[in-house]
Amino acid sequence: MLDPKLIRENPQAVKEATRVKRVASPEKVDAWLAADQRRRSAQTRADALKSEQKKVGDQVGQLKRTLKGGTTPELEKLLEQANAFKTQAQQLADEQAAAETEAASIMLQLPAIPDPTWPIGKDDADNVVARTWADPAHPPIKLEGGKKDHVTLGKELNILDFDRGVKLAGSRSYVVRGAGALLYSAVLRFAQDSLIRRGYEQMIVPVLVTEQCMVGTGYFPAGREQAYITQDNTVLVGTSEVPLASFYGNEILDLDKPIRLAALSTCFRREAGAAGKDTAGLYRVHQFDKVEQVVIHKADDAEHITLHEEIVANSEAILQALKLPYRVSKNCTGDMGQGKWRMYDIETWMPSRNGYGETHSGSALRDFQSRRLNMRYREKLEGGKTETRYCYTLNNTAIACPRVLIAIIEQYQNDDGTITVPEVLTPYMQGIEQITKTI
RNA sequence: GGAGGAGUGGCAGAGUGGUCGAUUGCGCCGGUCUUGAAAACCGGUGGGCCCGCAAGGGUCCCGUGAGUUCGAAUCUCACCUCCUCCGCCA
């Protein structure tokens, strides 16, 4: 959601945002302006009328009290007047409500204005690589000389079972078993510990949330098709960013310092419209587990940038500890989505793709979500006064399984078909340092 | 799932048709007093929207939404949430 004042004062900037982001359209901006104008006009008239109505109502009350149940021509006349006001006020209220509903509905579709320093572009092909990293001892490998992809390796070692996964749950389903399952949770636990050390509060949150949370975080209404919705109208989240960012919704916070949150949760995505894309393997699945970071802080652009860099650095530290080659890209405007101000993707090297695959996505949303979530804080001003402002929010993946397992399995494979467990994960692996076929 | 009860400001808790956006206490902020602090005393203390350069004015908000009424925190209906008891259950 945008600041209404901004749209009124600079509609051109919002129209430009619809263009570079490829979200909504300039016509939507004009439609909002018109609805907003109608809304305000109706309210001004309705408020004035209601004010008169109240005065007459008060007179009726006073008169009735003195008359104690009786009536006079004066009272009759006042009641007639009051009834006339009532009808008119109802009409204006309806007019106002209709315009309000329309304006609100359009508002939910409008894009936030992206940071002008971020790349402008159409889609992910226009993203700009900011940096690339690889441990010199663990460079990106290619699938040649007998090296295998994670599907083949996983099946051979019996740590991945796609056939039975599909039997249990349909397409894009999988089972991770044995040492693979240990590796799976080891990665997640390592990421959690890493964030705990960096001062992030661990949260266990609902993954089945209200529609309000989905709208509030900006996933609805645009992304309805991507979500599983239950017969109770609750929604299975595609990321714990949704419950984390919504956690303080409808509240006014005292924000002495940024609120740093992290949650491990299962995530669900329908992947509607992705039919035929990345069908094999662990890359694009309906259910996965992810450790997510969310930061809530004051409306301050400089701090926002610092925190955005922080959450990306947190994730890079995890990948570096795992010695996985990756690169960080600035997402161009066309690839960043409706609410983002800045966005980085981290892509990890995946030999089977012979390229980098997206494993992390870190966004800075300024007040886009907090306006939708009605999440504010009290800013102390000079002279002891306070002002409520909308918070700024950020989020980034810390690690997501099974997707990152593609990189781990393929990068850490040995010539004999075994997989070496990354050193930082061995404390979580019950003494297993190498995954071999055991079943 | 069945039967009852309840949702009021940061918290506690009054208020059952008008002068109530709401008594009071606690908390919080400012001040007086004090070497300093505490105590005591004095004052202040919610949010949204609309009009306005501003000062200020108007309007809405007592779980949510509809309704009754000239007028609703107060009456009616629906929904949501919480509590108690019973049943079932990881």
Side-chain angles (χ1 to χ4, degrees), chain A residues 1-9 32-107 204 206-216 230-235 243 246-256 266 299 367 370-391:
Chain A
M1 190 178 290
L2 310 189
D3 184 349
K5 260 191 290 188
L6 175 87
I7 314 179
R8 287 184 206 125
E9 285 164 10
W32 182 86
L33 285 168
D36 181 56
Q37 191 54 55
R38 270 188 287 125
R39 186 195 115 250
R40 287 195 286 165
S41 153
Q43 183 174 345
T44 303
R45 285 175 286 139
D47 282 1
L49 195 69
K50 273 186 274 191
S51 182
E52 292 303 310
Q53 189 188 4
K54 276 171 115 172
K55 283 177 194 158
V56 176
D58 285 347
Q59 287 176 41
V60 171
Q62 277 172 22
L63 205 52
K64 278 212 169 184
R65 238 167 296 129
T66 41
L67 292 172
K68 298 198 163 119
T71 186
T72 62
E74 196 192 348
L75 178 61
E76 293 302 322
K77 199 181 167 194
L78 277 174
L79 282 172
E80 199 181 307
Q81 220 180 338
N83 271 309
F85 273 133
K86 187 188 183 181
T87 315
Q88 286 181 55
Q90 189 57 51
Q91 278 172 15
L92 279 172
D94 289 348
E95 194 183 322
Q96 184 187 344
E100 235 163 51
T101 305
E102 188 187 340
S105 152
I106 297 168
M107 179 67 102
I204 304 292
V207 293
L208 198 51
V209 301
T210 62
E211 177 151 349
Q212 201 185 355
C213 293
M214 299 300 288
V215 174
T230 73
Q231 61 265 54
D232 295 322
N233 292 317
T234 46
V235 181
S246 305
F247 187 68
Y248 290 111
N250 283 322
E251 294 187 34
I252 301 175
L253 306 169
D254 290 314
L255 273 178
D256 305 326
T266 304
D367 58 359
S370 65
R371 281 181 180 276
R372 288 172 165 243
L373 291 163
N374 190 29
M375 177 166 66
R376 294 168 292 170
Y377 69 98
R378 255 180 253 282
E379 180 72 85
K380 291 180 187 67
L381 304 173
E382 283 173 40
K385 291 188 177 177
T386 60
E387 188 179 283
T388 57
R389 292 184 185 161
Y390 288 100
C391 305

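Note on naming: letters A, B, ... go to the chains in the order of the sequence lines (proteins, then strands), and numbering restarts at 1 for each one. Atoms considered below: every heavy atom in the structure, side chains included; atoms not considered: hydrogens, waters and symmetry mates.
To the nearest 0.5 Å, atoms CG (A:Leu79) and CD (A:Gln59) are separated by 11.0 Å. Taking CZ of A:Phe85 as the reference point, atom OG of A:Ser51 lies at 9.5 Å (rounded to 0.5 Å). Remark: A:Leu63 CG to A:Thr71 OG1 distance equals 8.0 Å, nearest 0.5 Å. With rounding to the nearest 0.5 angstrom, the CD atom of A:Gln62 is 10.0 Å from the CG atom of A:Leu78. In this structure, the separation between CD on A:Gln96 and CG on A:Asp47 is 6.5 Å, given to the nearest 0.5 Å.
Base pairing of B:U69: no nucleotide in any strand meets the Watson-Crick or G-U wobble criterion (both distances under 3.5 Å). Pairing of B:A12, defined by two Watson-Crick or G-U wobble distances under 3.5 Å, is identified with B:U24. Here B:G7 sits opposite B:C80 as a Watson-Crick or G-U wobble pair (both hydrogen-bonding atom distances under 3.5 Å). Across all strands shown, B:C85 forms a Watson-Crick or G-U wobble pair, both distances under 3.5 Å, with B:G2. Using N1 to N3 plus N6-O4 or O6-N4 for Watson-Crick, or N1-O2 and O6-N3 for G-U wobble, each under 3.5 Å, B:U74 pairs with nothing. Remark: B:C53 base-pairs with no nucleotide in the shown strands. Criterion, Watson-Crick or G-U wobble with two distances under 3.5 Å. Nucleotide B:U35 forms no Watson-Crick or G-U wobble pair with any nucleotide shown, as no partner meets the under 3.5 Å limit on both distances. Base pairing of B:G30: its partner is B:C42, meeting the Watson-Crick or G-U wobble criterion (both donor-acceptor distances under 3.5 Å).
Rounded to whole Å, the P atom of B:U24 lies 24 Å from the corresponding atom of B:G31. Nucleotides B:G21 and B:A90, compared at atom C1', are 46 Å apart to the nearest Å. Comparing B:G47 with B:G10, their C1' atoms are spaced 13 Å from each other, to the whole Å. Atom P of B:G4 sits at a distance of 30 Å from the matching atom of B:C11, rounded to the whole Å. To the nearest whole angstrom, the two C1' atoms, one in B:G87 and one in B:A72, are 40 Å apart. B:A73 sits 13 Å from B:G9 when the C1' atoms are compared, rounded to a whole Å. On the C1' atoms, B:G63 is 23 Å away from B:G71, given to the nearest whole Å. Separating the P atom of B:C77 from that of B:U68 is a span of 15 Å, rounded to the nearest Å.
Residue-level contact check: A:Arg65 touches the bases, meaning some heavy atom is under 4.0 Å from a base atom. No contact: A:Arg45 has no heavy atom under 4.0 Å from any strand. Contacts of A:Arg8 with the nucleic acid, taken as non-hydrogen atoms under 4.0 Å apart, involve only primed sugar atoms and P, OP1 or OP2. If you check every strand for non-hydrogen atoms under 4.0 Å, A:Lys64 touches a base. Residue-level contact check: A:Ser41 touches neither bases nor backbone, having no heavy atom under 4.0 Å from any strand.
You'll find the side chain of A:Trp32 reaches within 4.5 Å of the side chain of A:Arg8, heavy atoms only.
Distances from the side chain of A:Ile252 to the nucleotides B:G47, B:C49, B:C51 place B:G47 closest. Residue A:Asp47 has its side chain nearest to B:C50 when only B:C70, B:C50, B:G47 are considered.
Following rounding to the nearest Å, A:Arg40 (CZ) and B:C60 (C1') show an atom-to-atom distance of 18 Å. In this structure, A:Gln43 atom CD and B:C61 atom C1' are separated by 13 Å, rounded to whole Å. Between A:Gln53 atom CD and B:G18 atom C1' there is a gap of 14 Å when expressed in whole angstrom units. The interatomic distance linking A:Asp58 (CG) with B:C20 (P) rounds to 11 Å, in whole Å. Here B:A66 presents its P atom at 10 Å from CG of A:Asp94, a figure rounded to the nearest Å. Rounded to an integer number of Å, the gap from CD of A:Glu251 to C1' of B:G63 is 15 Å. Nucleotide B:G18 holds its C1' atom 14 Å from the CG atom of A:Leu78, rounded to whole Å. Atom NZ of A:Lys86 is separated from atom P of B:U68 by 6 Å (rounded to the nearest Å).
Comparing A:Leu79 and A:Tyr390 against RNA chain B, the residue whose closest nucleotide sits nearer the 5' end is A:Tyr390. RNA chain B is contacted by both A:Ala46 and A:Ala82; A:Ala46 maps to the nucleotide lying nearer its 5′ end (nearest heavy atom per residue).
Of the options A:Arg45, A:Gln37, A:Arg38, a side-chain hydrogen bond (donor to acceptor under 3.5 Å, both in side chains) to A:Ser41 is made by A:Arg45 and by none of the others.
Using a 4.0 Å cut-off, no side-chain N or O of A:Ser51 falls inside it from OP1 or OP2 of B:G58. Between A:Lys50 and the phosphate of B:C70, there is no side-chain N or O to OP1/OP2 separation shorter than 4.0 Å. The shortest distance between the side-chain N/O atoms of A:Thr386 and the OP1/OP2 oxygens of B:C28 is not below 4.0 Å.
Using a 3.5 Å distance cut-off with no hydrogens or angles, the side chains of A:Gln90 and A:Asp94 do pair a donor with an acceptor.
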